[in-house]
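The structure under discussion appears below in the form of structure tokens.
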Amino acid sequence: MTPQLSADCVPPAPVEELSVRSADGTRLHVEIHGQPGAPTVVLAHGWTCSTAFWAPVIRELADCYRVVAYDQRGHGHSEIPPSRVRYSTRALAEDLSAVLTRTVPAGERAVLAGHSMGGMTIMAAGGRPEVAERTAAAVLVSTGPGRLVDELTVVPEAVRPAGLRRFLHRRLLYSRMPLGPVSAVSRAALKYATMGPDSPAGRVEATARIVHACPTTVRARWAGVLGQLDVHAGLARLAAPTAVVVGTADRLTPPVHAHRIVAELTDPQGLLLLPGVGHMAPLERPVEVAAEIHRMAGAHLSAAAESAPASASVAERTAVA
């Protein structure tokens, strides 16, 4: 029997949809939710996902913010690049720049939140003037700046030696195997690799539908970029106040990445650890992720809404000086 989607995982209808052209001409699908004229939050999703991934977080933020979400190139309703050369961290940064230029008027700023490859997008865009001038603060969720294959924990440490684990992780990352229809087996595999063990069936189903919708070629070409990822230089130039969020059970970007990011940030604003949560934190714990975005907006956007929701007690914050 197919599990029913969690109610808040059903994508809300946007109040506006835009088509934005990036620097190389790639068309990007952009959705605007929430309150026109309110402070702006911009959401960038991760590898194999889409704007639908942010549905529970959008629902948490829409009463107080103008929420901009866009499909990364090749994902969702955005254009699939015709050649391998158009898949790169530079392209990710240029896409973010194009979206911000179109949706955040000159002289205004937004809070940027990126999950996984979306966080890598924000790091890759570090130091770009057109991005910096429109960024009030950033929230990096379940992400890393490099050495992704080395740090994966999908294959357990019981598999030795370490070189074999790296080989198996690389084969998993670069796989061109079509995912096909969502099945009980694929749900179980995705839950193990990407979510915490206590994730409800409705949220696992949402994850499976989103990931299975990503075209195989797009998945594989972005995997090639992620396998060689190094956005440390952009991270060092990310001047905006930045908070970091990670689940303690994240197998794809384990907490070691979050600690590394915090150590390299110019203006770290805290590390939020979510016990028992996997890689899909915005779907697994949307209340806590939205609260962290709200916290950063309240602190760094002068017009932000006054009443920020409190983070749930299950979240552990590590203060960063």
Which atom of Asp63 lies closest to which atom of Gln35, heavy atoms considered: O-CG, 3.5 Å
Between OG1 on residue Thr242 and CD1 on residue Ile261, distance to nearest 0.5 Å: 9.5 Å
Considering all heavy atoms, the nearest Val57-Pro282 contact: CG2-O, 3.6 Å
Side-chain donor/acceptor of Ser50 to backbone N/O of Gly76, under 3.5 Å: no
Partner set under side-chain contact (heavy atoms from CB on, under 4.5 Å) for Pro3, not counting sequence neighbours: Arg187, Ala201, Glu205
Partners meeting side-chain contact (heavy atoms from CB on, under 4.5 Å) with Thr207 (sequence neighbours left out): Thr194, Met195, Val211, Met280, Leu283
Any donor-acceptor N or O pair under 3.5 Å, side chains His212, Ser186: yes
Stepwise side-chain contact (heavy atoms from CB on, under 4.5 Å) test for Val225 and Thr89: CA-CA 7 Å; Val225 174; Thr89 54; 4.0 Å; yes
Leu96 side, atom CG; Gln72 side, atom CD - distance, nearest 0.5 Å: 8.0 Å
Selection residues 91-102 - residue pairs positive for side chain to side chain donor-acceptor pair (under 3.5 Å), sequence neighbours left out: Ser22-Asp95, Arg73-Asp95, Arg90-Glu94, Ser97-Glu130
His45-Tyr70 side chain donor-acceptor pair, cut-off 3.5 Å: no
Contact summary for Gly144 and Leu229, nearest pair of heavy atoms: O-CD2, 3.4 Å
Remaining members of the apolar cluster that contains Leu5, side-chain heavy atoms under 4.5 Å: Val10
Taking every non-hydrogen atom, the tightest pair across Pro197 and Gly276: CD-O, 3.8 Å
Which residues share a side-chain hydrogen bond (donor to acceptor under 3.5 Å, both in side chains) with Arg203, sequence neighbours left out: Asp8
Under 3.5 Å: donor-acceptor pair, side chain of Trp222, backbone of Tyr87: no
OG1 on Thr121 to CE on Met123, rounded to 0.5 Å: 8.5 Å
Residue pairs passing the salt bridge (Lys or Arg N to Asp or Glu O under 4.0 Å) test where at least one lies in residues 255-268, sequence neighbours excluded: Glu151-Arg260
Transitive ILVMFWY side-chain link Val256 to Val245, under 4.5 Å: no
Distance, nearest 0.5 Å, that separates CG of Leu18 from CG of Leu28: 11.0 Å
Glu284/Ser199 under side chain to side chain donor-acceptor pair (under 3.5 Å): CA gap, chis, key distance, verdict: CA-CA 7 Å; Glu284 295 178 70; Ser199 296; 3.2 Å; yes
Electrostatic pair Glu79:Arg21 at N-O distance under 4.0 angstrom: yes
Residues forming a ring pair (Phe, Tyr, Trp, His ring centres under 6.0 Å) with His232, sequence neighbours excluded: none
side-chain contact (heavy atoms from CB on, under 4.5 Å) assessment of Val149 paired with Leu226: CA-CA 9 Å; Val149 174; Leu226 299 179; over 6 Å; no
Derivation and outcome, side-chain contact (heavy atoms from CB on, under 4.5 Å), residues Val30 and Val68: CA-CA 7 Å; Val30 181; Val68 176; 3.7 Å; yes
Backbone N/O of Ala243 and side chain of Arg295: donor-acceptor pair under 3.5 Å: no
By side-chain contact (heavy atoms from CB on, under 4.5 Å) - contacts of Thr248 (at least two apart): Leu273, Pro275
Pro14: side-chain contact (heavy atoms from CB on, under 4.5 Å) partners, not counting sequence neighbours: Glu17, Glu31, His33
Separation of Leu301 CG from Thr40 OG1 (nearest 0.5 Å): 8.0 Å
From Phe53 atom CZ to Asp71 atom CG, the distance as rounded to the nearest 0.5 Å: 13.0 Å
Distance-minimising heavy-atom pair for Pro56 and Pro286: CB-CB, 3.4 Å
Nearest heavy-atom neighbours spanning Arg221 and Pro81: NH1-O, 4.0 Å
His279: ring pair (Phe, Tyr, Trp, His ring centres under 6.0 Å) partners, not counting sequence neighbours: His115
Listed partners of His257 passing ring pair (Phe, Tyr, Trp, His ring centres under 6.0 Å), at least two apart: none
Intermediate values then yes/no, side-chain contact (heavy atoms from CB on, under 4.5 Å), Arg66 and Val41: CA-CA 6 Å; Arg66 175 176 172 261; Val41 170; over 6 Å; no
Residues forming a side-chain hydrogen bond (donor to acceptor under 3.5 Å, both in side chains) with Ser78, sequence neighbours excluded: none
